[in-house]
**Q** 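Here you go, one structure.
In what follows, chains carry the letters A, B, and so on, assigned in the order in which the sequence lines appear, proteins first and then strands, with residues in each chain numbered from 1.
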Protein chains: 2
Amino acid sequence: MAPSPEAGARPAGPPGVTIRHVAADAGVSTATVSRVMSGRGYASGATRQTVLQAVERLGYRPSASARGLRTARTATLGVLVANLANPVFLPFLRGVEHVAEAHGYAVLIADSRRSRDVERHELDTLYAHRVEALIVGESVENPEHLATLSEAGLRVVRAPDAGGESTAWSAAAIEAPAIVAACTRLADLGHRRVAYVTGPATRPPAPRGSARRDLVVQTLTVRGVAVEPVTMRGTDDPDRVTSAIRELLDTPRPPTALLCAAHPLAPRLLRALADADVALPERVSFLTFGDSPWAAAYRPAIAVIRRDAYTEGRAVAQRVLYDLGAAPEPGSADPPLATFDPRQSMATPPAAAPR
Amino acid sequence: MAPSPEAGARPAGPPGVTIRHVAADAGVSTATVSRVMSGRGYASGATRQTVLQAVERLGYRPSASARGLRTARTATLGVLVANLANPVFLPFLRGVEHVAEAHGYAVLIADSRRSRDVERHELDTLYAHRVEALIVGESVENPEHLATLSEAGLRVVRAPDAGGESTAWSAAAIEAPAIVAACTRLADLGHRRVAYVTGPATRPPAPRGSARRDLVVQTLTVRGVAVEPVTMRGTDDPDRVTSAIRELLDTPRPPTALLCAAHPLAPRLLRALADADVALPERVSFLTFGDSPWAAAYRPAIAVIRRDAYTEGRAVAQRVLYDLGAAPEPGSADPPLATFDPRQSMATPPAAAPR
DNA sequence: CTGTTAGCGCATTCAT
DNA sequence: ATGAATGCGCTAACAG
């Protein structure tokens, strides 16, 4: 291949079949090919067939870069999560991806790892790729970054967990019925002291956290149940968790139920309870946010307040694509929901200990 | 800005600050701005400062579309997974994302959902976006699609689980030591019949599956242990699994250990064992591929063969970016590893039942 | 060291 | 119904 003496250099990489190759092969102009490919504008049935055959033969796929440059629409969504290690993001991401795929959109992921610097860099990358919308999967480290992007014209949508006001459905609203049901059940069973166990506090505090806790506290208090907030530190060290659990339960009037505020925390607490020889549910009842096959498999099976993150992801993506004019209409698909699933880990509390 | 009578229409969307705005603001040419932004080519310290200030002031970020169009390098990686519902992909994806981010690359995700049609469409999208490399996270529904892309010049890299030959490290190689250790332990404990439990067969069969099974069978057989392959169907229906377990164990010479071939299957089996009142580990020992906090929390704690998918993801991404000339060198970072973690769910088998 | 110029692949307008 | 012409934002070659 002799280098041509043109001013602009030919980029490296494989030749790549462009719209011009197709046009030449089909004996039409590039404009016609473009019209056929995008489905906009006129094209007779005959030429359409010819073009499509050429496309097929050459394996032509329009370049998203070129199209995006020309149209300022990249057919790309960005998803920013605070911690990709959190398994709840998987179904959420999945929901987003499925809807996006159905409408020809691509999905870029970004994991801020709870670091402002990383978040900054990730957002830069997403913006550089001109994502048409940014879905924020959880709380943001530095709201200023987002504000800047928002002013720059980027559409920002927050998942139910992400806090802020621009949420389609608030996490609290979704969870409220299930939380009330669970708290009512605890009270009905006779519990009068409940520990609300959270992981180490994050900075900034997870909005979800406070909304949940507030509702739990309110609901239980109204029913005459005292709530004791417990912050579990060093959750990666089983021994620390175990001693914390011992300390919590070795009191004159210990809580008779543990409400675990975050699913990833649950197995760690259960392990500590087992290590501390605490009988479930005889000595304490156990209930956690978030479900998994393991929670159901555990003996006793663990009661849960479960959210359908997949549907949440779908719903958020639907809404965004509708806003972008890329999806027909949100439709009245199943709204995101939360359910309370009482299981064997919740039971009547032991008789009150002597004072 | 008065609309110019040019032929090309102005695309919709927010104005967006381009390289020209920066150039004007800084009083230099666009070429100079480009040089400063990309770090390639000369630029005096003074002008560099001026440009950077203008960039900062205007909030300019180069458009990846335009840059990609011009350079044929999109700074984008694609990750194709067969089933985004599988939790192992989370750490893997995380590893890829972290390395990509560190080198300014974006990550596009695609979930084929084990459907050829979806896969086809997903690959089309990834190709349209001209991902510089495609990381395949698991087996592919239709190898032809991949072959086509590969011929089109796309770099395809397969994760250890993805089968094929172009893998940096084969899953079997990574897992071999741990598998041998686990099998040896089973034999040493006195087990003579082991059930190897898999989920419903996939089409095409997961390569990982057969490689694992072959090694297990071979290792156990050599040590005088019989292996009984069991395919569990209808894994979403607890009752079906329970009856299958009952059937498996209600035989004259039942297996004394269950080896679960896939982590998502484990909680379902454990639930069925509990429902069938099978004592663990007294009546049967239990061992599974894949680890999670829940496996450690279960009582008895579940023995596992664990792989470090995060490191695998990092390693794959490192390698790809190195191949692309975007990362310095793979370095001799920790290689992906698998470990066998014996836990309480493995014990001496019950005395042989009378014939 | 910096500016001018051309063109990457595509969608669009306008003329035919 | 189709083609010619234009420019989206950016970078690479070249001239100065």
**Q** Consider only side-chain N and O atoms of A:R116 and A:H145, and report whether a donor and an acceptor are under 3.5 Å apart.
**A**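 No pair is found: no donor N or O on one side chain lies under 3.5 Å from an acceptor on the other.
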
**Q** Calculate the interatomic distance between A:Y127 atom OH and D:dG9 atom C1'; express it in whole Å.
**A** 12 Å

**Q** Which part of the nucleic acid, if any, lies within contact of A:S65, taking any heavy atom under 4.0 Å across all strands shown: a base, the sugar-phosphate backbone alone, or nothing?
**A**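 No contact at all - A:S65 keeps every heavy atom at 4.0 Å or more from the nucleic acid.
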
**Q** Rounded to the Å, how far apart are B:L69 CG and D:dC8 P?
**A** 13 Å

**Q** Whole angstroms only, please: what is the CD-P distance between A:Q49 and D:dA1?
**A**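 Taking atom P of D:dA1 as the reference, CD of A:Q49 is at 15 Å.
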
**Q** Does B:R35 reach a base, just sugar-phosphate, or nothing at all? Heavy atoms under 4.0 Å.
**A** base

**Q** Quickly work out the B:Y42 OH to D:dT11 P distance and round it to whole Å.
**A** 18 Å

**Q** Taking atom P of D:dG9 as reference, at what distance in whole Å does atom CZ of A:R73 sit?
**A**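 From A:R73 CZ to D:dG9 P: 16 Å.
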
**Q** Closest approach to the side chain of A:A31, judged atom by atom: which nucleotide of D:dA4, C:dA11, D:dG9 is it?
**A**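 Nearest listed nucleotide: D:dA4.
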
**Q** How many whole angstroms separate atom NE2 of B:H129 from atom P of C:dG9?
**A** 17 Å

**Q** Measure from NZ or CZ of A:R94 to the centre of the six-membered ring of A:Y310, then state whether that distance is under 6.0 Å and the direction lies within 45° of the axis.
**A** yes

**Q** What's A:V28 touching, base or sugar-phosphate or nothing? Going by heavy atoms closer than 4.0 Å.
**A**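 Result for A:V28 = sugar-phosphate.
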
**Q** Within this structure, what is the CZ-to-P distance between B:R20 and D:dC10, rounded to whole angstrom?
**A**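 The distance from CZ of B:R20 to P of D:dC10 comes to 9 Å, rounded to the nearest Å.
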
**Q** Of the listed nucleotides (D:dA12, D:dG9, C:dG9), which one gets closest to any side-chain atom of B:A66?
**A** D:dG9

**Q** With respect to the phosphate group of D:dT2, does any side-chain polar atom (N or O) of A:S44 fall under 4.0 Å of OP1 or OP2?
**A**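 A:S44 to D:dT2 OP1/OP2: side-chain N or O found under 4.0 Å.
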
**Q** Under 4.0 Å between a side-chain nitrogen and a carboxylate oxygen: does that hold for A:R113 and B:E101?
**A**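 A salt bridge is present here (some side-chain N lies under 4.0 Å from a carboxylate O).
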
**Q** Has the side chain of B:R130 got a donor or acceptor that lies under 3.5 Å from a partner of the other kind on the base of C:dG9?
**A**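 No, no donor-acceptor pair under 3.5 Å.
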
**Q** Identify whether the distance between the nearest side-chain nitrogen and carboxylate oxygen of A:E132 and A:R155 falls below 4.0 Å.
**A**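 No.
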
**Q** Name the nucleic acid region contacted by B:S38, choosing base, sugar-phosphate or nothing; use a 4.0 angstrom heavy-atom cut-off, strictly under.
**A**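 If one applies the 4.0 Å heavy-atom cut-off, B:S38 turns out to touch nothing in the nucleic acid.
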
**Q** In whole angstrom, give the distance that lies between atom CZ of A:R70 and atom P of C:dC10.
**A**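 Taking CZ of A:R70 and P of C:dC10, I get 13 Å after rounding.
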
**Q** In terms of side-chain heavy atoms, does A:S44 have a donor or acceptor partner in A:T47 at a distance below 3.5 Å?
**A**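 Yes - a donor-acceptor pair under 3.5 Å links their side chains.
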
**Q** Hey, is the side chain of B:T47 poking within less than 4.0 Å of OP1 or OP2 on C:dT2, counting only N and O atoms?
**A**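 Checking C:dT2 against B:T47, a side-chain N or O does come within under 4.0 Å of OP1 or OP2.
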
**Q** Can you see which heavy atom on A:R158 is nearest to which on A:L146, and at what distance?
**A**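 Looking at all heavy atoms of both residues, the shortest contact is NH1-CD2, 3.9 Å.
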
**Q** Does B:T32 reach a base, just sugar-phosphate, or nothing at all? Heavy atoms under 4.0 Å.
**A**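 Sugar-phosphate, no base atom in range.
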
**Q** Between B:R67 and D:dC10, is there a side-chain N or O to OP1/OP2 distance below 4.0 Å?
**A** no

**Q** So does A:S29 get a side-chain nitrogen or oxygen closer than 4.0 Å to the phosphate oxygens (OP1/OP2) of D:dG3?
**A**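 The answer is yes; a side-chain N or O of A:S29 sits under 4.0 Å from OP1 or OP2.
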
**Q** If you assign each of B:R48 and A:T30 to its closest nucleotide in DNA chain C, which residue comes earlier from the 5' end?
**A** B:R48

**Q** Does OP1 or OP2 of C:dG9 have a side-chain N or O of A:S63 closer than 4.0 Å?
**A**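 Answer no for this pair, as no side-chain N or O of A:S63 is under 4.0 Å from OP1 or OP2.
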
**Q** Are A:Y60 and C:dC10 close enough that a side-chain N or O sits under 4.0 Å from OP1 or OP2?
**A** yes

